[in-house]
Number of protein chains: 2
Amino acid sequence: MADLDHEGGTPLYRQIADIIAAQIESGELQPDRPIPSETRMAEEYGVARLTARRAVRELVERELVYVVRGKGSFVRPEE
Amino acid sequence: MADLDHEGGTPLYRQIADIIAAQIESGELQPDRPIPSETRMAEEYGVARLTARRAVRELVERELVYVVRGKGSFVRPEE
DNA sequence: CGAAATTTGTTCGTATGTATC
DNA sequence: TGATACATACGAACAAATTTC
């Protein structure tokens, strides 16, 4: 699992964000349920925590995720 | 705010360092109080974090600032 | 009540690659 | 050729909120 392209074009954080986004849109990750923690994602995809963190930031900017400090990051429910 | 001269002569990092230095000398930034973080400065002046970092290095070389890893950069108190 | 574990938040430290002047 | 500057990425330290026991 979690084969990222370390070569050219797409940054790792965006690749990860795209994977999570797909899981949200497929319903694999459900509204108001947590997505994997930054630490978990870092392990999962073999990246640094900060890179996982950037992926989460991307998802927040895409309005797919909201974050609660000390608790986790969650799938944003539909309007 | 924070209009830097992207044209000729003075490097961006030195321009930023000069701005911070002026704020220190005016008392706007006080001894043992933090100066803006590298990330903050990067946003503020529209430069890369590494460029902000070079500005901080300049200030350290001028003995106006000291840096503590994981905490921040601070105005160096008078002798 | 408190201590520990988990999780996000923020900061500086470092390295590589690319582009521009 | 060298200095400047940007983007990405990993590492390390510290801080704060939350949960669990």
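Because the structure is a prediction, the values reported are computed rather than measured. Quick note on labels: first sequence line is chain A, next is B, and so on, each numbered from 1. Just so you know, these numbers use all the heavy atoms, side chains as well, and skip hydrogens, waters and symmetry mates.
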Self-check item: Residue whose closest nucleotide on DNA chain C lies nearer the 5' end, Glu38(A) versus Val67(B)
Solution: Glu38(A)

Exercise. Drop me the distance from Lys71(A)'s NZ to Ser37(A)'s OG, to the nearest 0.5 angstrom.
Key: 15.0 Å

Exercise. Between dA5(D), dA9(D), dA12(D), spot the one nearest the side chain of Pro11(B), thanks.
Key: dA5(D)

Self-check item: Full working for side-chain contact (heavy atoms from CB on, under 4.5 Å) between Leu12(B) and Tyr45(B)
Solution: CA-CA 9 Å; Leu12(B) 297 179; Tyr45(B) 298 102; over 6 Å; no

Quiz item: Counting only heavy atoms not in Arg33(A), do more than 12 fall under 6.0 Å of its CZ?
Solution: no

Quiz item: What nucleotide, of dT8(C), dC14(D), dA5(D), holds the atom closest to the side chain of Arg49(A)?
Solution: dT8(C)

Quiz item: Just wondering, do Val60(B) and Tyr66(B) contact through their side chains at under 4.5 Å, heavy atoms?
Solution: no

Quiz item: Do the non-hydrogen side-chain atoms of Arg76(B) and Leu64(B) ever get within less than 4.5 Å of each other?
Solution: no

Quiz item: Tell me: OH of Tyr45(B) to P of dC6(D), nearest whole Å?
Solution: 14 Å

Quiz item: Would you say dA9(D) has OP1 or OP2 under 4.0 Å from some side-chain N or O of Tyr13(A)?
Solution: no

Quiz item: So does Ser37(B) get a side-chain nitrogen or oxygen closer than 4.0 Å to the phosphate oxygens (OP1/OP2) of dT10(C)?
Solution: no

Exercise. Flag the pair Met41(A) / Val56(A) as yes when at least one side-chain heavy-atom distance between them is below 4.5 Å, and no otherwise.
Key: yes

Quiz item: Atom CZ of Phe74(B) and atom P of dT11(C): how far apart are they, to the nearest Å?
Solution: 10 Å

Exercise. Measure the distance from CE on Met41(A) to C1' on dC10(D) and round it to the nearest whole Å.
Key: 15 Å

Exercise. Return the 5'-most residue of the pair Arg14(B), Val68(A) with respect to DNA chain D, ranking by each residue's nearest nucleotide.
Key: Arg14(B)

Polar atoms only, N or O, under 3.5 Å: list the protein pairs with nucleotides 19-21 of chain C and their distances.
none

Quiz item: With a 4.5 Å heavy-atom cut-off, do Arg49(A) and Arg53(A) have their side chains touching?
Solution: yes

Exercise. Note the angle between the end axes of the helix from dG2(C)-dC21(D) to dC21(C)-dG2(D), five pairs defining each, rounded to 10 degrees.
Key: 0°

Quiz item: Does Lys71(A) make a side-chain N or O approach to OP1 or OP2 of dT19(D) shorter than 4.0 Å?
Solution: yes

Self-check item: Electrostatic pair Glu58(B):Arg54(B) at N-O distance under 4.0 angstrom
Solution: no

Quiz item: When you look at Ile24(A) and Val65(A), which way does the side-chain contact (heavy atoms from CB on, under 4.5 Å) test go after all the steps?
Solution: CA-CA 9 Å; Ile24(A) 291 172; Val65(A) 161; 3.8 Å; yes

Exercise. Please list, by residue number, the residues of residues 50-60 of chain A whose heavy atoms come closer than 4.0 Å to an atom of DNA chain D; answer none if no residue qualifies.
Key: Leu50(A), Thr51(A), Arg54(A)

Quiz item: Toward the 5' end of DNA chain D, which comes first, Val47(A) or Val47(B), by nearest nucleotide?
Solution: Val47(B)

Self-check item: Among dA12(D), dT8(C), dT19(D), the one nearest Arg69(B) by side-chain distance
Solution: dA12(D)

Quiz item: Do side-chain atoms of Gln30(A) reach the backbone of Val75(A) as a donor and acceptor pair under 3.5 angstrom?
Solution: no

Quiz item: Whole Å only: how far is the CD atom of Glu43(B) from the C1' atom of dT11(C)?
Solution: 13 Å

Quiz item: With respect to the side chain of Ser73(B), which nucleotide from dT8(C), dT18(D), dC12(C) is positioned closest?
Solution: dC12(C)

Quiz item: To the nearest 0.5 Å, what is the distance between CZ (Arg14(A)) and OG1 (Thr51(A))?
Solution: 13.0 Å

Quiz item: Judged by modelled atom types alone, do Asp18(B) and Tyr13(B) share a side-chain donor-acceptor pair under 3.5 Å?
Solution: no

